[in-house]
Amino acid sequence: MILHVLGSCAGTEPMPGRHHTSAALEAGGRLYVLDAGEGCAYTAHLLGLNLMNLQAVFLSHTHMDHIGGLAHLLWTMRKLCVLSPENSRRMQDREIPVFLPEERAFSAILDFLRCTEGGFKTVFRPVSRPMTDGLLFNDGVLSVYALHNHHWEPAAGEPWKSYSFSVEGEGKKLCYSGDFKELEEVLPLAEHANLILLETGHHRAVDLCRELLASGIPFGKVLFFHHGRAILKDFEGELAQAREVLGDRVSFAQDGMRVEF
Ligand SMILES: [Zn+2]
Ligand SMILES: [Zn+2]
């Protein structure tokens with residue numbers, strides 16, 4: 001499995017060289033997008049990823065730094081179909097499921113897109129799918145599981161509003177934290193993961209490294225992403241501290257980074 005970092009930044013003001021959070025997974029010649037921060041389609045396309053291979057989108061929650069690029073992603077896919085009869089043929093009648101905890105956000109984005117070029121008539125069909133705990137998706141290549149967390153507390157009676165994921169396929173496992181409150185919310189997904197993506201928008205990398213070790217779960221490598229302002233002020237210093245705990249098992253994500261695992 002190959003992970004491409006399309007955006008490594010948390011919901012800060014614009015930062016040089018970084019876009020808001022998004023990752024693309026490549027497996028079995030297919031593409032899957034985890035979170036869709038601004039610029040995700042731009043970065044994916046310029047990295048040479050073929051958006052016509054996209055199977056599904058998984059949005060951990062509907063904060064802007066995770067959903068701000070969804071409209072442009074769908075728009076770019078439509079544009080690539082308009083520009084190429086071959087793309088258009090390939091995408092004909094394909095359903096592109098978008099899993100998210102807040103259906104209203106998806107309908108609003110589609111309404112907005114219908115006010116753009118061509119009324120956003122597409123040969124493919126973007127459809128929303130509800131987010132729930134447990135198995136969300138299995139296309140025979142990848143299985144995606146979701147688990148809610150307390151990053152965004154719902155009001156009484158409301159459904160959970162933020163999730164983390166684990167993805168399994170090709171004999172590998174990825175844990176994707178999205179935003180979370182406590183590491184223990186993510187641990188059930190992180191156990192036996194070959195690669196764990198943890199966010200630094202609300203946590204210090206060195207603290208999470210210590211907590212991971214103390215948890216006693218088996219895991220492979222850790223990639224920190226969703227960088228907040230604090231870590232960006234001293235990127236090398238924070239990385240050095242994290243490496244004192246986990247050595248070269250730890251990396252810090254950059255936009256455009258490719259990680260094979
Ligand atoms: Zn965020
Ligand atoms: Zn958030």
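In each ligand, atom 1 is the first atom listed, and ligand 1 is the first ligand listed.
- In terms of heavy atoms, Y32 sits closest to A27 at CE1-O, 4.2 Å.
- Nearest N, O or S atom of H226 to the Zn ion (ligand 1): atom NE2.
- Grouping the Ile, Leu, Val, Met, Phe, Trp and Tyr side chains by contacts below 4.5 angstrom, directly or via other members, places F219 apart from F225.
- Side-chain polar atoms of S215 and E211 form no donor-acceptor pair below 3.5 angstrom.
- Aromatic pair H151/Y163: ring centres not closer than 6.0 Å.
- Legend: protein N/O/S atoms lying under 2.8 Å from the Zn ion (ligand 2), waters omitted, number 4.
- Take R90 and apply the salt bridge (charged side-chain N to carboxylate O under 4.0 Å, His left out) test, not counting sequence neighbours, and it matches no residue.
- We find that R18 and E38 are not joined by a salt bridge, their nearest charged nitrogen and carboxylate oxygen being 4.0 Å or further apart.
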